[in-house]
Amino acid sequence: MASRFNPLKADAHWQRVWEEHGTFHADDSSARPKSYILEMFPYPSGRIHVGHVRNYVMGDVLARYRRMDGFEVLHPMGWDAFGLPAENAAMERKIHPGAWTRSNIATMRGQLKRLGLALDWSREFATCDPDYYGHQQALFLDLHEAGLVYRKESEVNWDPVDMTVLANEQVVDGKGWRSGAPVERRKLSQWFLRITDFAEELLESLGGLDKWPDKVRLMQENWIGRSQGLKFRFALERPIAGTDGFDVFTTRPDTIFGASFAAISPDHPIALAIAKDDPALAAFIAECKAGGTTAAELETAEKKGFDTGLKVVHPLDPEWTLPLYVANFVLIDYGTGAIFGCPAHDQRDLDFARKYGLPVTRVVAATPEEAAEPVGDEAYTGPGRLVNSRFLDGLTAEDASREIVARAETEGWGQGAIVWRLRDWGVSRQRYWGTPIPFIHCAACGPVPVPREQLPVVLPEDVAFDHPGNPLDRHPSWTRVDCPACGGPGRRETDTLDTFVDSSWYFMRFASQPADAPFNRAAVEAWLPVDQYIGGVEHAILHLLYARFWTHALKRIGRLDVAEPFEGLFTQGMVTHETYRAPDGRWLAPEEVEHKDGRLVVAATGEPAETGRVEKMSKSKRNTVDPDPIVDQYGADGLRWFLLSDSPPERDLPWSEAGIEGSWRFMQRLWRLADAESGVSTWLGAEESGEAVAALERKLHRTIAAVGANIEALAFNKAVANIYELANAIEKAPPSQARARTVETLLLLVAPMVPHLAEQAWAALGKEGLIANAAWPKADPALLVEDQVTIAVQVNGKLRDTLTAAKGAPREALEEMALASEKIVRILDGKLPRKVIVVPDRLVNLVA
RNA sequence: GCGGACGUGGCGAAAUCGGUAGACGCAGCAGACUUAAAAUCUGCUUUCCUUCGGGAAGUGUGGGUUCAAGUCCCGCCGUCCGCACCA
């Protein structure tokens, strides 16, 4: 056995052995219990960085552990391969998006393979394979048939110089990223998925996802945003533009007698109707549209209103009219696009009322004294009883709400309603590099689904990116197609699907990939739900919600009996790194800067460089760290071990190379431990009993239990610490057969984390078979408990002494021992304690 | 503004139920081995005081509950994340 572990040879050797044996192929027909471990699949942006590695290694440790623990494990890998960066690359480098993507995939696959991940590569696919997106088109048609797909006018970002639609990330400070021209909002007819039909059940079943982080559940809950209240009708004093009133929604029906105005959105049909004959209002509406749409701009935007001069009638008093405003802060696509304002109990309404001199009437008071107090600068939104509210006076706010809803329903002017913040999912993208939406537009028949036998609708390869906009639009032949319904001339839909659609069902295709269907139902039902899904928290809302929706929708249309796609979710922390900038503002990669005389300079030119924030590794900030040179130097296991050590996996990990030397040293330590035992016959007949051996056995079994539990909990940093402790204990133990057995077990314990080294040492010890296929050791419950425990002795809660006692020693005995302690006798100085608290096996606290 | 998380040595961190704070690792210091270096091994490493026995303080901060608080409760300070005109 060599005295040093050489990862250069071992890594490649064992990777080849695993591949040749098909070690990590998932067998659909296995009788073992199934476990599906999945990390969010990567976008092939170029090369992987250590942030990716951290993600995949975590899943890999769990997958290898589950295999050893007796499960049939599905642990696949693929590529989220459609998306905008490929088109940008096409424009910048005159390379086809497909070619660019394929070449990145090849590079990244090679990088991943060097890490020795226990992946079933036979199931690999990319979402840009027609074989994948063709089935996606079929599923889209299924949803369409079920009425879950529709078309609607919707606003897009329009660059008036480049004459192109921009994705949100292409809008920088309200301007087009290439042209720099102010972006306009423009209406286009686009495809939508009816996710709002599922709002209720998506919210409901969040409650059952108890292996998800609370944080993510809460974020989804807020995103879906259920609000309960009253929808009621305001009658206009006199009809206008053929309408005599409009609906408003409120969550505070109890404050209805505090109403002082009504307001509608600038996009509300009534506003638009009035504006036709009212140039002043038309100007106001135009002004509302001019402002930017970024969060910061909205936050600071002034609350503005336009008094239409019209009045609406209070629903509970025909004599009482309220002014009708058009207000910039009323959203057309939430609730009914119209509100009633109750300034006393809503801050925004109060600001508005003060600005336009509207009355402010308190209708809820926390205390009886408060009833007469005028409202100041702050609206009161807390609980209380009703005042100034006629028949509601004296009721609590909740009771008053119920009373108003009941009365509205009886009298017929309104009804209880639930309003959702969630909007339908717009899936149209005016882009080339995505799944073509399988429809054909016909002047006579409208949009007609592409017949199933014509799927997949394959993206044409012959496209040019020398003009802005979607090259599919300009394609001379691809767009020309006959209408499948009437046979007349038609035109292919040139919008492609949002890439979030691609990632909404890829985990089903991993479980089963027949040629003639999106998936085989039985196979998907056997593997799903994913037992453990691992990825970045940045996907906490959109991706996870869309994938949940897709699964719920397939269930509703009878395609799949899976309630939720991901049973366990883990959101791992990001790997962060400092960013660097040159004097001209360019981002610099870590290898382009160096420290010189204590200052950071650009290595090539010697100009001073600026250190930016520590941020998530990303290609655009150029702060990524490539794993390849690290693997060259320390082996896959050195890197794997380092990424698992120290930082809790959910926390961000600031990258530094300082610690990896330590990992490398530990690899060699493990190797030496195994090396020392490879001549195990030397110790035959050596002492097999005695306290040292017994202590080592107990340590081993406690470690087996702890490492297993910590891997299950994805607390890899703790599992690493457990293993270090065991290694320390082994090194201190005298040679014996028990020690040799302990080293063997240690190898099993580290096998999921450092698989190459474990295989190499396992083979060197002459063990049969692959350690990857070995059984996870079982902890002997009898050895998990110590027979001796250390008891803390406190006086007034302060530690004064410790003593050793038999486990389970009775309270009286512990108290006696504590009182007999020399130190305690000295501290008590002859006095008797007033009170003695004994916690068996833990401590004795003497209260003096 | 609303919602949430977090704050422990020089650094990454641990402490499962309120019960010996700092396990484990990194960095550092001292020593052994060596002609030397690397590698490896041993010991020390929260702060302050010390007559070297030990003593005092200590988990952002101020209070509180308790025999006992990193852990529970209230207030404050700070950092980070999500949502953001949601009626």
Phosphate-side-chain proximity, Arg800(A) and A56(B), N/O vs OP1/OP2 below 4.0 Å: yes
Touch class at under 4.0 angstrom, heavy-atom based, for Gly335(A) against every strand present: nothing
Nucleotide forming a Watson-Crick or wobble pair with U16(B), both distances under 3.5 Å: none
Touch class at under 4.0 angstrom, heavy-atom based, for Asn728(A) against every strand present: sugar-phosphate
Sugar-phosphate, base or nothing in reach of Val330(A), heavy atoms under 4.0 Å: base
Pairing partner of C6(B) (Watson-Crick or G-U wobble, both distances under 3.5 Å): G78(B)
A56(B) - base-pair partner by Watson-Crick or wobble geometry, distances under 3.5 Å: U47(B)
Heavy atoms of other groups near Gln788(A) CD, more than 12 under 6.0 Å: yes
Shortest non-hydrogen separation from Ser656(A) to Phe642(A) and the atoms involved: O-CZ, 3.3 Å
Partner nucleotide, any strand, of U34(B) [Watson-Crick/G-U, under 3.5 Å]: none
Under-4.0 Å side-chain N/O to phosphate OP1/OP2 contact, Arg672(A) with C41(B): yes
Axial cation check for Trp223(A) ring with Arg421(A), 6.0 Å and 45° limits: yes
Spacing of Asp652(A) atom CG relative to G82(B) atom C1', expressed in whole Å: 14 Å
Touch class at under 4.0 angstrom, heavy-atom based, for Leu331(A) against every strand present: base
